[in-house]
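We're numbering straight along the sequence, starting at 1.
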Amino acid sequence: MSTPPRGVRRLATALFTALSLVAVGGITGCADDADAQAGSGPLRIGYQRFGGLSLVKARNAAPDAQWSLFESGPALTEALKAGAIDIGQVGEAPPIFAAAAKIPFSVVGTSAPIPQGEAVLVKESSGLKTFADLRGRTVALNKGSNVHWLLVRLLAANNMTLKDINVKYLKPAEGRPAFDNGQVDAWIIWDPYFALAEQPGVKVLADATGLASNREYVLASPEVVRDRTDDVRAFLTTYRTVTDWGIANPAERATVLAPELKIPLDVTTRALARSARPLAPVTPAVGAELQAIADGFTTLDLVPGPVDISGRVDDRFSAVFQ
């Protein structure tokens with residue numbers, strides 16, 4: 001076999017060296033990713049407008065965290081599924097739909113009930129006086145969000161079923177113009193979108209009082225709970241401290257949050273007055289409450305069942321919220 005010319009040999013050597021460096025770089029990159037997952041990177045936090053985590057962000061109380069804003073709970077749980085966030089906060093229905101979709105997460109915290117923080121809105125000019133008056137009408141809501149469970153409870157309380165109304169699933173950004181323009185008869189929505197829609201000519205037909213707790217739930221990826229327990233505990237402790245500060249200082253809280261939410265101060269103040277509540281530990285009773293919601297959705301074939309949501313409750317951080 002003949003020996004390749006010197007120039008060809010030099011080219012082959014250079015190419016081999018370059019490929020070796022690329023391989024080493026690839027291994028190093030994988031190692032960096034592994035280090036981040038093992039606990040060296042910042043916690044990635046998913047939050048919604050107005051949820052308790054938004055105050056942590058607005059006060060820059062967790063400066064090392066990476067923040068991602070989501071319009072609704074279902075969008076946030078999809079980010080958990082994709083591995084894009086480590087911790088997030090949602091209402092009471094998104095965990096059920098996420099569990100039904102086999103998205104991995106643990107429920108590590110909750111809040112005191114907030115039944116006044118979600119409501120059915122209608123126009124004063126509609127003449128509608130009770131939820132039962134919506135029979136045969138069009139009702140808009142965000143599918144899989146807290147208000148979805150409120151709808152289920154309202155239907156049951158009024159001896160109605162989903163067949164008695166025309167449900168239109170719209171995200172908050174779609175629901176508001178549809179409601180304003182008369183394309184739907186009622187809009188079931190939560191704060192701060194609820195407070196923003198409280199304009200002259202709009203009235204609250206019903207809220208969740210006596211029907212649904214409308215708690216907020218803190219979800220975390222099982223991997224971050226397992227591998228970064230101390231980091232998660234430290235973040236949740238900050239979250240608790242900031243929440244307690246906000247409850248003790250409502251005027252200053254509204255002043256801090258209004259620019260973060262990009263909504264007027266008076267609207268922020270009104271929404272916070274009814275919807276900001278202390279954090280609370282997840283207990284067996286909370287797990288049972290979530291399971292009852294899951295069973296309710298399963299019975300109505302709104303999610304494929306059975307869904308074991310009580311098994312997702314992880315109380316290892318409960319001392320933070322005591």
Can you name the residues that form a ring-ring contact (aromatic ring centres under 6.0 Å, His included) with [X], not counting sequence neighbours?
X    : result
F297 : F97, H148, W149
W245 : none
Y47  : W67
Y217 : none

**Prompt:** So how far is it from I263 CD1 to L196 CG, rounded to the nearest 0.5 Å?
**Reply:**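 With rounding to 0.5 Å, CD1 (I263) is 5.0 Å from CG (L196).
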**Message:** Once rounded to the nearest 0.5 Å, what's the spacing between atom OG of S54 and atom CG of L257?
**Reply:**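 Nearest 0.5 Å value for the OG-CG distance: 4.5 Å.
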Nearest heavy atoms of [X] and [Y], plus distance in Å:
X    : Y    : answer
S106 : D314 : CB-CB, 4.1 Å
T229 : F317 : O-CE2, 3.6 Å
A186 : V122 : CB-CG1, 3.7 Å
Q291 : V307 : NE2-O, 2.7 Å

**Prompt:** Under the side chain to side chain contact (heavy atoms under 4.5 Å, CB included) test, which residues partner P74, sequence neighbours left out?
**Reply:** S72, P94, N142, S145
**Request:** Could you tell me whether the side chain of D133 and the main chain of T130 form a donor-acceptor pair under 3.5 Å?
**Result:**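 It does hold such a pair.
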**Prompt:** Taking the side chain from K168 and the backbone from G175, do they hold a donor-acceptor pair closer than 3.5 Å?
**Reply:**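 Answer holds: no.
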Any side-chain heavy atom of [X] within less than 4.5 Å of one from [Y]?
X    : Y    : answer
F131 : L155 : yes
L302 : I96  : no
V108 : R316 : no

**Asked** Are side-chain N/O atoms of E289 and S213 paired as donor and acceptor at under 3.5 Å?
**Response**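 Judged by distance alone, the side chains do pair up.
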**Asked** Can S310 and D308 be counted as having a side-chain donor-acceptor contact under 3.5 angstrom?
**Response** yes
**Request:** Report the residue from E216, Q48, R215 that forms a side-chain contact (heavy atoms from CB on, under 4.5 Å) with V90.
**Result:**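 That would be Q48.
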**Request:** Using side-chain contact (heavy atoms from CB on, under 4.5 Å) as the criterion, point out the one residue from D227, I87, D86 that pairs with V232.
**Result:**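 Exactly one candidate clears the test, I87.
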**Asked** Hey, are E71 and K171 close enough for a salt bridge, meaning a charged N less than 4.0 Å from a carboxylate O?
**Response**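 No salt bridge links E71 with K171.
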**Item:** salt bridge (charged side-chain N to carboxylate O under 4.0 Å, His left out) pairs, two or more places apart, involving residues 193-211
**Value:** E198-R270, E198-R274
**Prompt:** Looking at F105, does the NZ or CZ of R312 lie under 6.0 angstrom from its six-membered ring centre and within 45 degrees of the ring axis?
**Reply:**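 Geometry flag: set, cation within 6.0 Å and 45°.
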**Item:** Within 6.0 Å of NZ in K81, more than 12 heavy atoms from elsewhere
**Value:** no
**Prompt:** Taking the six-membered ring for Trp, are Y239 and F235 parallel (under 30°), tilted (30 to 60°) or perpendicular (over 60°)?
**Reply:**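 Judged by the thresholds at 30° and 60°, the geometry between Y239 and F235 is tilted.
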